[in-house]
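One-based numbering, in listed order, for ligands and for the atoms of each.
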Amino acid sequence: MKIVLLGAPGAGKGTQAQKLVADYGVAHISTGDLLRAAVKAQSKLGIEAKGYMDAGKLVPDQLVIDLVKERLAQDDAQKGFILDGFPRNTAQAEVLDKELSGMGIALDAALLVDVKADVIINRLSSRRTCRSCGYTAGAGVDVCPRCGGEMYQRDDDKPETIKKRLDTYESQTAPLVGYYREHGILKEVDGDRPVDEVYADVKALLGL
Ligand code: AP5
Ligand code: ZN
């Protein structure tokens with residue numbers, strides 16, 4: 001399984017990725033999680049990235065591309081991976097195509113999790129995320145069901161930042177839907193249904 005997950009912030013990319021990883025043992029490569037880990041560690045990259053993230057803007061391409069290249073080279077990514085949150089614009093998609101073809105592999109699918117903006121605003125304002133492992137759930141979950149870590153509200157899950165992230169998605173990331181359609185690997189799922197119904201369709205679309 002070598003796939004890209006596309007979709008607006010809060011569409012449920014991370015939620016579906018968590019299920020695929022649990023069932024099929026592939027690597028979950030979430031650029032959002034990698035960047036949040038860098039922010040937490042206060043590395044040079046993290047300090048630079050935080051301002052962009054808090055403003056709902058994309059972090060500069062080269063910073064994210066280096067992170068993804070490093071992660072794709074790790075052992076656990078060799079048997080399969082889910083790219084969640086990358087690529088996020090056409091320049092990143094082109095770099096990814098080049099990198100993968102250099103590794104002699106091709107994407108199986110780009111899966112769009114489709115959800116309308118009003119549903120997203122509700123979901124993100126009530127989302128809680130694990131400080132230790134990045135697991136996500138709705139409001140009311142205070143302890144991570146996966147690792148026991150503390151669940152908190154992400155800095156960018158505030159209403160004004162959510163709106164900016166949606167604008168960034170529309171202007172920079174949504175064009176990737178057409179990009180992958182032209183490449184003949186786009187698949188689409190209606191993400192505005194219960195998690196397990198969406199997941200059943202995801203598996204069917206991926207032939208699992
Ligand atoms: P990132 O972490 O990638 O955020 P995002 O794309 O905005 O995605 P989210 O994590 O918000 O949403 P999701 O689709 O994974 O939804 P989830 O499953 O959690 O990026 C954050 C920032 O990092 C960016 O703004 C940018 O600054 C930077 N960045 C990251 N990648 C970058 C890149 N490639 N280039 C440049 N910058 C980059 O679900 C949301 C909520 O809904 C949860 O509470 C969940 O429990 C609930 N939910 C999920 N599915 C359902 C359902 N079917 N029904 C009801 N509730 C549901
Ligand atoms: Zn956790």
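- Of the protein's non-hydrogen atoms, G14 N, 2.8 Å is the one closest to atom 15 (O) of ligand 1.
- R165 NH2, 2.7 Å is the protein heavy atom nearest to atom 7 (O) of ligand 1.
- For Y179, the ring pair (Phe, Tyr, Trp, His ring centres under 6.0 Å) partners at least two apart in sequence or on another chain are H183.
- The protein heavy-atom contact nearest to atom 30 (C) of ligand 1 is R88 NH1, 3.5 Å.
- Between C144 atom SG and C130 atom SG, the angle centred on the Zn ion (ligand 2) amounts to 110° (nearest 10°).
- Contacts of R154 with ligand 1, taken as heavy-atom pairs under 4.0 Å, involve the side chain alone.
- Nearest protein heavy-atom contact of atom 9 (P) of ligand 1 is R127 NH1, 3.2 Å.
- Only the side chain of D156 comes within 4.0 Å of ligand 1, judged by heavy-atom distances.
- Residue-level proximity to ligand 1 for R36 is carried by the side chain, the only part with a heavy atom below 4.0 angstrom.
- Of all protein heavy atoms, the one lying nearest to atom 35 (N) of ligand 1 is Q92 NE2, 2.9 Å.
- Put simply, the angle at the Zn ion (ligand 2) from SG in C147 to SG in C133 is close to 120°, to the nearest 10°.
- Looking only at distances, a side-chain donor or acceptor of S171 sits under 3.5 Å from a matching main-chain atom of D167.
- Counting only heavy atoms of the protein, atom 16 (O) of ligand 1 lies nearest to G12 N, 3.3 Å.
- Remark: minimum distance from atom 45 (C) of ligand 1 to any protein heavy atom is reached at T15 OG1, 3.7 Å.
- Proximity of A17 to ligand 1, defined as any heavy-atom pair under 4.0 Å, is not found for any part of the residue.
- Under the 4.5 Å side-chain criterion, counting only non-hydrogen atoms from C-beta, E48 is not in contact with L45.
- Proximity of V64 to ligand 1, defined as any heavy-atom pair under 4.0 Å, is confined to the side chain (atoms from C-beta onward).
- Geometrically, R131 engages Y152 in a cation-pi contact defined by less than 6.0 Å to the ring centre and at most 45° from the axis.
- For ligand 1, the polar-atom distance check finds an N/O of G85 within less than 3.5 Å of one of the ligand's N/O atoms.
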